[in-house]
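See below for the structure under consideration.
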There are 2 protein chains.
Amino acid sequence: MATGRTHRPATRSRGIPEATVARLPLYLRALTALSERSVPTVSSEELAAAAGVNSAKLRKDFSYLGSYGTRGVGYDVEYLVYQISRELGLTQDWPVVIVGIGNLGAALANYGGFASRGFRVAALIDADPAMTGKPVAGIAVQHTDELEKIITDNGVSIGVIATPAGAAQQVCDRLVAAGVTSILNFAPTVLSVPDGVDVRKVDLSIELQILAFHEQRKAGEETVAPDEVASAQAAAQDTPGAAAAAPAPLAPHRAAPAAGTDNGRQGPDGDVPAVMPA
Amino acid sequence: MATGRTHRPATRSRGIPEATVARLPLYLRALTALSERSVPTVSSEELAAAAGVNSAKLRKDFSYLGSYGTRGVGYDVEYLVYQISRELGLTQDWPVVIVGIGNLGAALANYGGFASRGFRVAALIDADPAMTGKPVAGIAVQHTDELEKIITDNGVSIGVIATPAGAAQQVCDRLVAAGVTSILNFAPTVLSVPDGVDVRKVDLSIELQILAFHEQRKAGEETVAPDEVASAQAAAQDTPGAAAAAPAPLAPHRAAPAAGTDNGRQGPDGDVPAVMPA
DNA sequence: GCCTGTGAACAGTTTCACAGCT
DNA sequence: AGCTGTGAAACTGTTCACAGGC
């Protein structure tokens with residue numbers, strides 16, 4: 001190895017891996033905490049521990065930003081905070097609108113970490129006339145009719161959707177038409193947007209299901225949690241492959257499909273994500 | 001903690017890739033919608049469009065579960081719903097506790113998709129005595145002092161933390177000590193947990209920062225106008241007709257670190273943001 | 001012909017281990 | 001000595017393209 005020509009691009013190559021970008025906020029948070037404690041420098045090892053990643057990964061991540069550390073010493077906390085903030089675009093102000101002011105929308109509006117960094121809640125929007133004018137987190141809720149005007153007047157490019165699933169796509173279309181190019185979607189729906197618009201989603205139900213998957217696996221091993229694991233009725237389902245020992249318990253009966261609680265998916269309307277009274 | 005090399009037991013279970021597991025809930029949701037409309041079968045192409053992924057990926061994902069489709073025809077909706085539910089462990093009942101009943105905790109408690117599948121909110125816990133006894137989503141809030149008893153009595157193995165960041169680790173420790181082995185963390189903190197405990201986190205602030213990063217990029221390229229891009233930014237139309245079917249853009253997802261030593265996962269998937277010349 | 005299932009190519013990410021600076 | 005920065009290896013995930021059954 002050590003093939004000569006260690007000439008590096010000198011400047012950050014036009015592309016920080018997505019996985020790295022996703023970790024920068026984490027490093028930033030850890031660094032901010034250090035900064036508040038007036039810690040001047042950190043080693044990759046210490047910072048990695050604080051961020052919950054391993055040091056090699058952290059160093060690799062930072063290497064995509066440039067060489068901001070000092071060999072034999074570590075990284076200058078303040079400097080790194082600045083560099084990462086800049087890289088993430090947090091040195092500028094990002095007006096954000098939150099659409100759908102139910103419990104979730106209110107929680108988001110009140111979320112501190114929100115305003116602390118470059119983000120500023122420019123407006124809260126809800127379709128319920130009864131909500132109009134009501135103050136939430138110190139901001140008066142505005143009606144959906146004003147959506148386009150709000151986006152335009154405030155130069156909003158990031159929108160947060162916290163409406164019921166049924167309203168999400170429509171709200172999304174309006175946001176995009178009005179100029180929003182980044183959307184954070186909390187509604188349990190797949191949004192379709194034109195090219196150039198970024199959508200990230202946060203889906204409670206999906207996270208829980210992923211946990212359940214792993215939880216189920218654990219139960220198969222040993223020392224199960226105390227719980228009542230369904231009294232396990234052997235399921236003797238056709239075993240697909242010669243899969244190794246996999247927990248096979250589980251009841252053949254699944255949640256009633258038409259129970260009282262609707263779990264409407266992206267149906268034409270109505271679903272219950274937690275927001276919107278109506 | 002020991003020096004790395006504590007590679008996880010390599011769970012010899014029939015390995016379903018983590019990325020696939022993260023998408024199963026998405027397929028399940030799309031399938032449930034089809035099921036409600038009494039659609040008997042779907043092709044990988046149709047289902048993929050509904051779930052917002054590409055068909056090859058979907059087929060590959062399903063191939064890890066077994067061969068549940070019929071060549072020349074497609075997949076039987078009901079059968080697939082059952083198989084995926086089973087794989088995710090949703091055919092059994094998962095009592096869940098939510099700790100921290102503020103706006104967010106209340107939103108979660110009211111979240112429909114929560115109870116609709118195997119999940120059942122077994123208890124709501126809050127440290128504020130003023131909250132004790134108050135009904136939220138039809139369930140009386142209990143005091144933190146009862147935490148251990150609640151976990152044990154209900155056989156809870158999944159806990160949701162929606163407390164302020166400062167209380168999260170402590171709550172986490174108590175949950176784990178009481179027997180919880182899967183945690184969904186909404187507090188903006190890195191939780192450290194012993195081996196064997198799964199932690200997934202949902203962090204609003206991180207998602208926004210990732211969006212800001214991409215948003216900043218977009219703004220910077222407007223002037224440069226490399227050969228790519230420059231494409232239809234002129235969407236600005238009310239009707240999303242143009243987009244929709246074709247290469248559903250979509251956005252990246254999130255990835256996250258691990259907590260504590262160097263165990264677990266904590267990163268859903270990552271996916272299709274790229275520029276892919278079609 | 002239609003559509004699934006999958007090996008193989010490709011792309012992205014993590015980890016290793018060490019060169020090189022301080 | 002200590003610690004960063006980084007090629008290269010190892011691994012994970014995605015896409016291609018077509019074999020094979022309906």
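The chains referred to below are lettered A, B, ... by the order of the sequence lines, with proteins before strands, and numbering in each begins at 1. The structure presented is a predicted model; accordingly, all values stated were derived computationally and were not measured.
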Next item on the list: Decide yes or no, distance alone: a donor-acceptor N/O pair under 3.5 angstrom between the base of dT4(D) and the side-chain of R71(A).
Entry: yes
Note to self: Rounded to the nearest 0.5 Å, what separates atom CD in Q169(A) from atom CD1 in I161(A)?
What the structure shows: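 CD1 of I161(A) is found 8.0 Å from CD of Q169(A).
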Next item on the list: Could you tell me the separation between the CG atom of L58(A) and the OH atom of Y27(A), rounded to the nearest 0.5 Å?
Entry: 4.5 Å
Determine: side-chain N/O of [X] to OP1/OP2 of [N], distance under 4.0 Å, yes or no.
X	N	result
N54(B)	dT15(D)	yes
S44(B)	dT4(C)	yes
K57(A)	dT15(C)	yes
K60(A)	dT6(D)	no

Atom pair distance, as rounded to whole Å: [atom1] in [X] and [atom2] in [N]:
X	N	atom1	atom2	answer
L58(B)	dT4(C)	CG	C1'	11 Å
E18(B)	dC11(D)	CD	C1'	15 Å
I16(A)	dT14(C)	CD1	P	14 Å
Y68(A)	dG5(D)	OH	C1'	14 Å
L65(A)	dT6(D)	CG	P	11 Å
L47(B)	dT4(C)	CG	C1'	13 Å
Q83(B)	dG5(C)	CD	P	12 Å
R59(A)	dG7(D)	CZ	P	14 Å

Check: What does Y75(B) touch in the nucleic acid at a heavy-atom separation under 4.0 angstrom: a base, only the sugar-phosphate, or nothing?
Finding: sugar-phosphate
Notebook entry, point to check: The side chain of S67(A) lies closest to which of these nucleotides: dG5(D), dC16(D), dC22(D)?
Noted result: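 Nearest nucleotide to the side chain: dG5(D).
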Check: What's the closest nucleotide to the R23(A) side chain, out of dT6(D), dT14(C), dT14(D)?
Finding: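 Of the options given, the side chain of R23(A) lies nearest dT14(C).
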Notebook entry, point to check: With the threshold set at 4.0 Å, does a side-chain nitrogen-carboxylate oxygen contact exist between D198(A) and R217(B)?
Noted result: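 No, no charged N to carboxylate O under 4.0 Å.
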Margin query: When you measure from the side chain of T32(B) to the backbone of L28(B), do you find a donor-acceptor pair of N or O atoms at a distance under 3.5 Å?
Written below: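 Present.
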Notebook entry, point to check: Looking only at side chains, do S205(B) and Q209(B) share a donor and an acceptor under 3.5 Å apart?
Noted result: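 The criterion, which ignores hydrogens and geometry beyond distance, is satisfied for Q209(B) and S205(B).
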Margin query: Return whichever of G72(A) or A56(A) has its heavy-atom-nearest nucleotide of DNA chain D closer to the 5' end.
Written below: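 First, find each residue's nearest nucleotide; the 5'-ward one identifies G72(A).
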